[in-house]
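Structure, as structure tokens:
A, B, ... follow the sequence lines: proteins, then strands. Residue 1 opens every chain. Below, all heavy atoms of this structure are taken into account, side chains as well, without hydrogens, waters or symmetry copies.
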Amino acid sequence: MKLATWNVNSLNVRLPHVLEWLKTSPVDALCLQELKLEDAKFPLEAIEDAGYHAVFNGQKTYNGVAIISKSRPEDVAKDMSGYDDAQKRVIAATINGVRVVNVYVVNGQSLDSDKYQYKMAWLAALRGYMANTIATYGDVALLGDYNIAPGDRDVHDPKAWEGQVLVSAPEREHFQALIDLGLTDSFRQFDQAEKSFTWWDYRMNGFKRNLGLRIDHILLTKALSARAVSSMIDVEPRKLERPSDHTPVITEIEN
DNA sequence: ATGGCTCGTGTAACGAGA
């Protein structure tokens, strides 16, 4: 099965890109982040007309996550149970026997921001939520926009970014804490080109100059990672008119 | 130089993103 994640930065604007991408890159589950629309405005018909199911957890203007899947999603859960959060950043469902967890991790803005404190607390909650999820379901895939570049090779200019939000040591420790639950960064299971990124700033011709970060990830529990056969970043959607600033990541798992 | 684009809101200019 193929699992993918894509921060679309407004599903209103990006719906044509998503539908076109699904045609050329059919996947079993596509996790979307930053829908920026409330559930009543989710384009369910268009996605169903394309032959997919969708479950979603949206809010107006900010955040919002969805799972689009070929087979019917089972046991859908929104938000992290036990963690009170007004922001819609989590949705999970079981698809073909795999527990798919889709997260839009807090950005954090800057290390001296209240939002960074929120990010730290949120990531601590995610660790607990994932520990429970793994204990309950076994085979778990954690996909999403983590807003963390795990290592310096995931940053176009590590010196320029040193200590900044998205790369700071406390954020990387939170990423490692997820790995320590028994998860594997599926992208790094395979040989990859140097300077492989999933996000580029809209400004300063960031994409053309490949001034990017790898902050979107697909983590797999051990048995799933043992079945992974490929993982890749698809930069093509970033070349379109009015692209998202993020681009999809896909991991394939053999049955 | 703390900007640079893009989005939603709402119909000007600002907050947020990363």
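- Positionally, the nearest nucleotide of DNA chain B for A/Arg203 lies more toward the 5' end than for the other of A/Arg203 and A/Arg14.
- A salt bridge is absent between A/Glu162 and A/Lys159; no separation between the charged side-chain nitrogens and carboxylate oxygens falls under 4.0 Å.
- Hydrophobic cluster membership is shared by A/Leu44 and A/Trp6, with clusters built from Ile, Leu, Val, Met, Phe, Trp and Tyr side chains linked at under 4.5 angstrom.
- When the C1' atom is compared between B/dA12 and B/dA1, the two are found 25 Å apart, to the nearest whole Å.
- Between A/Arg214 atom CZ and B/dA18 atom P the separation is 16 Å, expressed in whole Å.
- One atom, CZ of A/Phe207, and another, C1' of B/dA18, lie 17 Å apart when rounded to the nearest Å.
- With both ends at atom P, the span from B/dT6 to B/dG10 equals 22 Å, rounded to whole Å.
- Between A/Asn9 and A/Asp245, the residue anchored nearer the 5' end of DNA chain B, judged by the nucleotide with its closest heavy atom, is A/Asn9.
- Contact between A/Arg209 and A/Met204 at its shortest, heavy atoms only, is NH1-O, 2.9 Å.
- Backbone-only contact: A/Asn7 has heavy atoms under 4.0 Å from sugar-phosphate atoms and none from a base.
- Less than 6.0 angstrom separates the ring centroid of A/His217 from the ring centroid of A/Phe175.
- Separating the OH atom of A/Tyr202 from the C1' atom of B/dA16 is a distance of 13 Å, rounded to the nearest angstrom.
- Separating the CD atom of A/Glu241 from the P atom of B/dC5 is a distance of 16 Å, rounded to the nearest angstrom.
- Put simply, A/Tyr104 has no side-chain N or O that comes within less than 4.0 Å of OP1 or OP2 on B/dA16.
- Side chain of A/Leu166, nearest nucleotide from B/dT6, B/dA16, B/dA18: B/dA18.
- A/Leu213 places its CG atom 15 Å from the P atom of B/dG17, with the value rounded to the nearest Å.
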Shorter than 3.5 Å, N or O on both sides, protein versus nucleotides 9-13 of chain B: list them out with atom names.
from: B/dT9; atom 1: OP1; to: A/Thr61; atom 2: OG1; distance (Å): 3.3

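- The CD-C1' distance, from A/Glu34 to B/dC5, rounds to 14 Å in whole Å.
- Taking atom P in both B/dG3 and B/dG8, the straight-line distance is 22 Å, to the nearest Å.
- Remark: A/Asp79 engages A/Lys88 in a salt bridge, criterion side-chain N to carboxylate O under 4.0 Å.
- Spacing between atom OH of A/Tyr62 and atom P of B/dG15 amounts to 10 Å, rounded to whole angstrom units.
- Contacts of A/Gln164 with the nucleic acid, taken as non-hydrogen atoms under 4.0 Å apart, are absent.
- B/dA18 and B/dT2 have their C1' atoms separated by 14 Å, given to the nearest Å.
- If you check every strand for non-hydrogen atoms under 4.0 Å, A/Asp201 touches nothing.
- Residues meeting the side-chain hydrogen bond (donor to acceptor under 3.5 Å, both in side chains) test with A/Tyr129, sequence neighbours left out: none.
- Nearest to the side-chain atoms of A/Asn147 among the listed nucleotides B/dA18, B/dC7, B/dT6 stands B/dA18.
- In this structure, A/Val165 reaches neither bases nor backbone, as no heavy-atom distance under 4.0 Å exists between it and the strands shown.
- Residue A/Arg242 places no side-chain N or O under 4.0 Å from the OP1 or OP2 atom of B/dC5.
- A continuous path of ILVMFWY side-chain contacts below 4.5 Å connects A/Val167 to A/Tyr146, so both sit in one hydrophobic cluster.
- Rounding to whole angstrom units, CG of residue A/Asn107 and C1' of B/dG15 are separated by 13 Å.
- The residues A/Arg153 and A/Glu194 are annotated as not salt-bridged, no charged nitrogen and carboxylate oxygen being separated by less than 4.0 angstrom.
- Nucleic acid contact for A/Asp145: sugar-phosphate only, since backbone atoms but no base atoms lie under 4.0 Å from a heavy atom of the residue.
- Take A/Asp154 and apply the salt bridge (Lys or Arg N to Asp or Glu O under 4.0 Å) test, not counting sequence neighbours, and it matches A/Arg188, A/Arg214.
- Among the atoms of the strands shown, none is found under 4.0 Å from any heavy atom of A/Tyr146.
- Counting any heavy atom pair closer than 4.0 Å across all strands shown, A/Ile215 reaches sugar-phosphate atoms only and no base atom.
- For A/Met204, taking side-chain heavy atoms from C-beta onward, the closest of the listed nucleotides B/dC5, B/dA18, B/dG4 is B/dG4.
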